[in-house]
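Remarks on the structure that follows.
Everything quoted here is computed from the prediction, not taken from an experiment.
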Amino acid sequence: MATSHPDDYRDAQRVTLLAAWLDGLLGLAKVIVGALVGSAALVADGIHSFSDLVTDGLVLAATHYGRQGPDEDHHYGHGRIETLATLLLGSVLIFVAGGIAWSSLHRLFSATMISPPGIWAMLLALAALLAKEALFHVTMRVAKRVKSRLLEANAWHSRSDVLSTAVVLVALVAAQFGTGWLDAVAAVIVSLLVGKVGWDLLWESGRELVDTALPMEEQARMHRVALDVPGVLGVHDLRTRQSAGRAMLDLHVVVGPRISVSEGHEIGNEVSRRLRRAYPALTDLTFHIDPEDDAGEGDPSRFPGLPLRPEVEAALAARWSSLAAWPWLHDLELHYLDGAVTVVACLDEQAHLESQAVAAELEASARDLPWLSHVEVRRLAGNDPPAVIRTAGSPR
């Protein structure tokens with residue numbers, strides 16, 4: 001289920017328990033009456049109802065365990081339990097459908113005589129049809145509200161009972177008027193309906209297990225929501241996947257290259273907040289802040305990197321320590337842009353040096369460094385505490 005609210009969970013349990021009781025009673029009644037009147041179609045429909053009872057049990061177990069949050073062994077929660085349960089549910093239905101079809105075809109080709117079923121068999125089929133249709137609507141309403149794909153699948157399973165029972169009812173009426181072979185044909189049609197529901201469940205759960213993305217129109221809308229956040233210059237590498245009605249999202253957010261780390265992170269937080277408001281089914285969202293758009297360039301961890309601050313400071317200190325501006329230089333800002341490092345050196349405002357000349361001298365002295373883009377110098381305000389450039393061996 002996409003939500004773990006206690007009331008939603010209780011509602012899902014109640015409607016599933018209601019379905020289980022109804023499926024059990026209808027299955028038992030159909031099999032007994034079908035055996036008494038000799039209707040293979042009614043017996044097959046009863047077996048279909050018993051298969052519903054099995055899947056009701058799966059739904060109860062899956063919604064109980066699947067709603068549990070992350071723990072030390074399941075960092076993304078337990079939602080895939082629902083997916084596996086849906087996969088098993090579909091497999092059971094296909095197996096049941098095959099058994100019904102085999103026995104019904106054998107009965108059809110062996111020309112087994114079928115006696116008129118009587119009014120009680122037809123009334124039972126009609127009552128079962130109306131009851132399962134009502135159950136479909138109740139279950140679907142709860143499934144939509146709690147956003148549970150598994151519960152929605154169980155609702156459609158009830159609707160498949162409605163369709164199959166309608167076919168059986170037609171066959172019973174036909175057998176009552178002497179066209180008994182329609183009973184076996186109806187049983188085969190029932191098996192095809194059951195098999196179709198099973199295949200659909202297998203297909204949907206299989207798509208989740210292989211991390212199929214959300215539809216393209218939803219991804220495009222997510223892209224627009226993120227791009228509308230102030231400070232966002234671009235969005236790329238947006239990836240989605242689904243699990244038991246939940247959605248998970250990863251994306252890269254491009255921000256201004258010179259803003260602070262904390263500002264960039266807060267912009268990302270706002271992207272996350274807006275996406276969660278627009279898509280309540282999002283349960284896991286990861287954003288990566290980029291100072292420039294590197295879409296299509298591949299995973300940067302697979303390519304040679306640029307030197308980090310300790311190496312940069314050591315290399316610059318070795319080249320700048322003999323310059324006149326050295327005693328007046330304090331903190332360095334490093335900007336990793338366009339595959340190189342831009343260095344912004346802070347010059348004490350009390351230094352009687354011209355910033356542009358100092359920048360030219362610093363850059364000329366470090367011109368041999370292959371990773372250096374250029375050097376900029378800004379004045380350090382008088383109320384800013386000096387933060388001298390330290391190398392690995394500098395005393396503190």
Side-chain angles (χ1 to χ4, degrees), residues 223 225-238 250-275 286-301 303-317 319-320 323 325-326 328-351 353-391:
H223 189 279
V225 170
L227 204 56
D228 286 341
V229 175
V232 174
L233 304 181
V235 175
H236 62 94
D237 289 350
L238 188 150
D250 302 328
L251 75 164
H252 286 224
V253 179
V254 183
V255 298
R258 297 294 185 95
I259 66 173
S260 66
V261 173
S262 59
E263 182 182 358
H265 186 260
E266 187 55 30
I267 290 172
N269 286 337
E270 181 61 21
V271 168
S272 178
R273 283 188 285 266
R274 294 194 184 189
L275 282 168
T286 304
F287 62 83
H288 178 82
I289 298 297
D290 284 336
E292 55 188 355
D293 194 337
D294 58 359
E297 295 183 10
D299 185 353
S301 66
F303 304 103
L306 295 169
L308 299 180
R309 179 172 289 273
E311 185 179 345
V312 170
E313 290 185 346
L316 294 178
R319 290 159 176 79
W320 292 352
L323 301 179
W326 175 251
W328 303 100
L329 295 180
H330 299 295
D331 197 20
L332 294 182
E333 292 179 6
L334 305 181
H335 299 283
Y336 293 79
L337 303 170
D338 298 322
V341 181
T342 297
V343 178
V344 180
C346 299
L347 182 66
D348 195 308
E349 71 168 358
Q350 297 180 8
L353 299 170
E354 200 273 318
S355 298
Q356 189 172 356
V358 171
E361 183 181 29
L362 294 177
E363 188 169 326
S365 300
R367 189 174 296 150
D368 63 310
L369 297 175
W371 42 260
L372 182 66
S373 171
H374 64 281
V375 178
E376 300 174 9
V377 171
R378 68 174 178 87
R379 289 283 180 175
L380 184 67
N383 57 354
D384 288 341
V388 297
I389 303 172
R390 295 193 181 276
T391 63

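In this structure, the salt bridge (charged side-chain N to carboxylate O under 4.0 Å, His left out) partners of D368, at least two apart in sequence or on a different chain, are R319. Residues satisfying the salt bridge (charged side-chain N to carboxylate O under 4.0 Å, His left out) test with E311, not counting sequence neighbours, are none. Residues satisfying the ring pair (Phe, Tyr, Trp, His ring centres under 6.0 Å) test with H236, not counting sequence neighbours, are H252. In this structure Y336 satisfies the ring pair (Phe, Tyr, Trp, His ring centres under 6.0 Å) test with no other residue, sequence neighbours excluded. In this view, E333 and R378 satisfy the salt bridge (charged side-chain N to carboxylate O under 4.0 Å, His left out) rule, not counting sequence neighbours. With sequence neighbours left out, the side chain to side chain contact (heavy atoms under 4.5 Å, CB included) criterion links I289 to V253, V255, F287. By the ring pair (Phe, Tyr, Trp, His ring centres under 6.0 Å) test, H223 pairs with no residue at all, sequence neighbours left out. With sequence neighbours left out, the side chain to side chain contact (heavy atoms under 4.5 Å, CB included) criterion links A351 to W328, L347, L353, R379. Listed by chain and residue number, nothing satisfies the salt bridge (charged side-chain N to carboxylate O under 4.0 Å, His left out) test with D237 (two or more places apart in sequence, or in another chain).
Here the CD-CD distance, from E361 to E354, works out to 11.5 Å after rounding to the nearest 0.5 Å. With rounding to the nearest 0.5 Å, the separation of CZ in R309 from CG in L334 is 4.0 Å. Note that the CD atom of E363 and the OG atom of S373 stand 7.5 Å from one another [nearest 0.5 Å].
Of all the heavy atoms in L337 and P291, the pair that sits closest is CD2-CB, 3.9 Å. Taking every heavy atom of both residues into account, V235 and A226 meet most closely at CG2-CB, 3.8 Å. For the pair V375 and A359, the tightest heavy-atom approach, listed with the atom from each and the gap, is O-CB, 3.9 Å. Heavy-atom minimum distance, V312 versus P307: CG2-O, 3.6 Å.
No donor-acceptor pair closer than 3.5 Å links the side chain of W320 to the backbone N or O of S365.
The shortest distance between side-chain heavy atoms of L372 and V343 falls below 4.5 Å. Side chains of L369 and L316 form a contact here, defined as non-hydrogen atoms less than 4.5 Å apart. L329 is not listed as a side-chain neighbour of L323, based on a closest heavy-atom distance of 4.5 Å or more. Side-chain contact check for Q356 versus V377: every heavy-atom pair is 4.5 Å or farther apart.
Salt bridge status for E270 with R274: present, with a side-chain N to carboxylate O gap under 4.0 Å.
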Using the side chain to side chain contact (heavy atoms under 4.5 Å, CB included) rule, take V271 and L251 through it: C-alpha gap first, then chi angles, then the decisive distance, then the call. CA-CA 10 Å; V271 168; L251 75 164; 4.2 Å; yes
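Residue pairs meeting the salt bridge (charged side-chain N to carboxylate O under 4.0 Å, His left out) criterion with at least one partner in residues 256-266, sequence neighbours excluded, are R258-E376, E266-R273.
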